[in-house]
Amino acid sequence: MFFSLNNVFAIIISIVTFFTPYIGLCGFAAVVSINLFAYLIGFNREEIRQGLFGFNALFLGMALGYEFSFNSTFVILFISAILLLLLITVWLKGLLAIYNLPFLSFPFIISYWLVSLAASNFTNIHLDESHIYTINEIARNQSSSFYQFVHSLDELNMAPFMFTYFKTLAGTFFQTSLLGGMLLAFGLLYFSRIAFSLSVIGFLLTYFFYSIFGANVNDLNYNLLGANFIFLAIAVGCFFIIPNTYSYLTVLILTPVLLLLSLSLGKIFSVFQLKAYTFSFSLICTGFLFVLNHRLFTKYLQVVTIQYFSAEKTIYKYLNSLQRFKNEHLYKIVLPFWGEWHVSQGYDGKITHLGDWSKALDFDIVDSKSKSYREPVSLREGFSRENFYCYNKEIMAPFDGYVYDIINTVDENDVGDMDTSHNWGNTIILNHLNGLFSQISHIKKDSFNVFIGQYITKGTFLATCGNSGRSPEPHIHFQLQTLPTVGAKTLAYPISYFIERNGTEKVLRISEVPSEGSFISNVQVNELLTISFSLLPGQKISFQKENSSEVINWEVFTDAYNRTYIYCEQSKSYAYFVNDGVMLYFTDFEGDKSSLLFNFYLAAYRQLLGYYEKIQVKDNVPLIHFNNKLIQFFQDFIAPFYLFTKANHSSTFTYADNLYAPQKLIISTEIETKLINYSFKKVNFELELKDNKIRRFTIHRKNNSESYLCIS
């Protein structure tokens with residue numbers, strides 16, 4: 001119910017349930033029984049391990065232990081109830097999965113109602129009246145040192161809100177001990193700072209609205225009434241929804257709604273002598289998620305798609321992915337030429353890139369004097385199209401697709417002339433499928449090397465640069481569009497990777513639009529880098545620690561979702577990555593953060609597969625993976641609103657035995673966490689590539705270094 005897979009929190013919960021030994025034993029027996037039944041029947045082992053069946057069983061077992069006295073007949077009723085719960089759980093799981101909804105505590109509530117209604121007809125099943133005559137119960141247990149310890153803090157003087165909050169947490173597991181509530185609050189805080197803060201906020205809002213309406217706040221301690229509000233705050237605030245300002249506001253909005261529903265349902269079910277328990281929470285939560293699933297547009301509230309069972313992991317990985325992969329769904333378009341060209345007119349250019357045609361790019365080639373042509377050697381030679389550096393240069397396909405249309409009927413202009421009646425000149429339209437087309441215009445007549453209907457791949461030679469149409473001098477016009485017609489409305493679309501030169505300095509641009517006046521070129525991949533980082537499924541990699549016999553083995557796999565990952569058997573760790581031919585970059589890591597694989601994940605976090613001597617590759621690492629523990633603790637509380645720390649990755653080439661065809665390369669990487677501009681955690685790595693593989697991997701931490709040699 002707290003949406004946790006944390007073992008420490010689980011132990012604390014287990015301990016608190018045994019504050020009343022009989023109730024704890026019933027809960028434990030219920031969890032063991034339903035998991036055993038599920039295992040014997042043959043249900044998914046991973047779902048059993050994650051407690052998919054067990055959490056409802058825990059609540060049902062405790063509820064039965066709380067309400068009924070123990071005898072032999074109760075044992076039969078108990079086992080029957082657990083079997084009934086398993087059937088209802090599986091049925092609801094399948095039914096609600098159709099609508100992509102969780103079953104939450106519905107199985108527990110339905111099973112409890114059925115058992116409770118049936119038990120009223122059994123003369124051999126007796127209600128436990130100790131919860132009614134509490135004074136007698138206290139008097140009977142006064143001599144028990146364990147009872148005295150469990151309730152030692154019950155008379156502690158504290159603010160009424162905090163007292164009720166701790167009592168409500170304890171009541172979630174059918175306990176009345178203030179100490180139990182404090183332990184549960186500590187466990188929740190240890191498990192998740194975000195979930196803990198939301199539990200407090202949710203309960204504070206409940207306390208406020210109860211006071212506003214004039215309801216009795218002490219009722220929150222009984223029959224899991226207050227737990228509904230804590231569960232809803234965590235579920236909506238940070239588990240099913242990405243935690244952010246709007247998810248917190250949603251908790252505020254839903255709290256009074258839940259209050260009205262829970263109180264009204266309590267009245268209705270009391271007629272049948274039934275308790276609503278967590279029914280109102282489950283109803284509001286599933287209803288709200290059902291509404292979100294039927295939105296046409298995702299705005300403000302983002303439903304969690306990959307569940308990590310940790311609000312911190314969810315928010316840090318989400319924010320990191322949002323920054324890194326916001327354009328990952330787009331085609332990886334490349335520049336339609338080889339070598340370095342100049343952007344003579346960019347988006348929203350002042351000459352022709354206006355209105356519906358504003359998101360286009362014009363390219364030419366200029367020399368060191370910013371001239372796009374060479375001067376004639378003599379007057380006899382004259383000045384013509386051939387004097388322009390870009391004229392007759394090759395034009396390449398920017399992405400895979402089909403040749404949709406070719407116009408090859410427009411004559412070439414003399415320099416300074418323009419054919420305004422054939423604005424686009426000779427043009428090729430490429431269909432990249434799924435509604436994306438590219439148009440390249442002002443092509444040289446009769447230079448086409450492809451035909452209509454031909455399937456072409458990225459980098460295929462299409463034609464050569466010309467001077468046809470509205471073109472006073474040779475250049476390439478390039479645009480993306482959603483329609484296959486020549487001159488259709490342009491579409492803003494980034495170039496996947498390109499190198500931008502400013503003087504002698506070069507910068508890698510990732511998923512950006514080239515700016516007007518810039519000098520750009522495609523990334524030229526390097527054979528040593530490409531082969532060394534190929535990491536193909538089925539490949540096995542072994543590293544041996546220097547001066548040690550320790551060997552660490554990895555293997556590359558592909559999962560059912562076609563995600564490629566490296567798996568380390570020793571540490572049970574997974575590092576997911578993408579290799580698109582230009583860049584190798586890791587997308588996620590799960591497992592042991594002290595493992596060699598985790599360090600490799602950081603070292604090769606984003607690796608350019610082209611060798612550029614001074615280019616620095618930068619990226620951001622999820623804070624959940626690299627941060628100071630104390631600072632991380634405080635960052636967690638406000639992570640849904642603001643990140644005051646950042647973990648940065650940067651890598652550069654520090655050695656090459658040959659600038660043009662290196663056979664040995666050394667890549668240096670630095671991972672650094674900063675608080676504003678103050679660096680408080682740093683680690684450095686070196687990757688040595690030789691013989692077409694990663695030959696050595698070195699980790700530098702302060703004054704300590706570890707090296708691993710690749711032996712496979």
Side-chain angles (χ1 to χ4, degrees), residues 1-19 24 27-28 30-32 34-35 46-62 89 93 102-108 165-166 168-175 180-203 224 226-243 247 251 278 281-282 285 289 303-318 590-591 593 624 629 632-633 636-637 639-640:
M1 297 305 292
F2 288 102
F3 311 103
S4 168
L5 295 179
N6 184 276
N7 290 332
V8 173
F9 191 25
I11 291 170
I12 291 174
I13 290 174
S14 301
I15 291 171
V16 171
T17 61
F18 277 94
F19 275 16
F28 178 77
V31 172
V32 171
I34 198 169
N35 285 334
E46 183 62 21
E47 290 181 345
I48 296 172
R49 189 191 68 80
Q50 289 190 350
L52 192 70
F53 302 102
F55 75 92
N56 273 289
L58 173 64
F59 280 90
L60 180 61
M62 291 189 299
T89 300
K93 178 177 177 289
F103 56 80
L104 299 175
S105 62
F106 283 126
F108 153 55
Y165 171 73
F166 290 135
T168 300
L169 280 178
T172 303
F173 297 96
F174 298 89
Q175 306 297 322
M182 290 179 171
L183 285 174
L184 290 169
F186 171 78
L188 186 57
L189 176 63
Y190 177 83
F191 154 60
S192 170
R193 274 59 59 202
I194 295 175
F196 171 77
S197 62
L198 276 165
S199 74
V200 175
I201 291 170
F203 196 77
L224 277 67
N228 283 279
F229 300 93
I230 292 175
F231 292 157
L232 182 73
I234 295 173
V236 173
C238 68
F239 185 75
F240 294 111
I241 308 297
I242 301 290
S247 72
V251 172
T278 56
F281 147 68
S282 298
C285 188
L289 292 175
V303 177
V304 173
T305 53
I306 300 177
Q307 191 52 260
Y308 296 104
F309 294 91
S310 165
E312 284 73 23
K313 266 191 182 181
T314 298
I315 184 63
Y316 291 131
K317 290 191 175 186
Y318 171 76
E590 285 295 322
K593 289 196 285 186
I624 197 71
K629 289 184 178 180
Q632 182 73 41
F633 179 83
D636 290 346
F637 283 102

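When every heavy atom of L198 is checked against every heavy atom of A233, the shortest pair comes out as O-CB, 3.3 Å. Between V251 and G202, the shortest heavy-atom contact is CG1-CA, 4.4 Å. Here the closest non-hydrogen pair linking I315 and P243 is CD1-O, 3.2 Å. In plain terms, the two heavy atoms of L289 and I241 that are nearest each other are CD2-CD1, 4.3 Å. The two residues G171 and L224 make their nearest non-hydrogen contact at O-CD1, 3.5 Å. Here the closest non-hydrogen pair linking I48 and N35 is CG2-OD1, 3.7 Å.
Side-chain atoms of F309 and N6, non-hydrogen and from C-beta on, never get closer than 4.5 Å to each other. Residues F59 and T172 have side chains in contact (heavy-atom distance under 4.5 Å, counting atoms from C-beta outward). Looking only at side-chain heavy atoms (C-beta outward), I230 and F2 come within less than 4.5 Å of each other. Residues T17 and F28 have side chains not in contact (no heavy-atom distance under 4.5 Å, counting atoms from C-beta outward).
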N/O donor-acceptor pairs under 3.5 Å from side chains in residues 184-193, not counting sequence neighbours:
from, atom 1, to, atom 2, distance (Å)
S192, OG, I194, N, 3.4
S192, OG, A195, N, 2.9
S192, OG, E312, OE1, 3.0
S192, OG, E312, OE2, 3.1
R193, NE, D636, OD2, 3.0
R193, NH1, L189, O, 3.1
R193, NH1, Y190, O, 2.8
R193, NH2, D636, OD2, 2.8

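Rounding to the nearest 0.5 Å places NZ of K317 at 3.5 Å from CD of E590. Here the CD1-OH distance, from I306 to Y318, works out to 12.5 Å after rounding to the nearest 0.5 Å. Here the CZ atom belonging to F203 is positioned 8.0 Å from the CG atom belonging to L169, to the nearest 0.5 angstrom. To the nearest 0.5 Å, the span separating OG on S199 from CG on L232 amounts to 12.5 Å. Taking CD1 of I242 as the reference point, atom OG of S247 lies at 9.0 Å (rounded to 0.5 Å). In this structure, OG1 on T278 lies 8.0 Å from CG on N56, to the nearest 0.5 angstrom.
Applying the side-chain contact (heavy atoms from CB on, under 4.5 Å) rule to F55 yields the partners M1, F103; only residues at least two apart in sequence or on another chain are considered.
A 6.0 Å sphere centred on NZ of K593 holds more than 12 heavy atoms belonging to other residues, nucleotides or ligands. More than 12 heavy atoms of other shown residues, nucleotides or ligands fall within 6.0 angstrom of atom OH in Y308.
Aromatic pair F3/F240: centroids less than 6.0 angstrom apart.
Pairs of residues two or more places apart, or lying in two chains, never qualify as salt bridge (Lys or Arg N to Asp or Glu O under 4.0 Å) while including a residue from residues 227-238.
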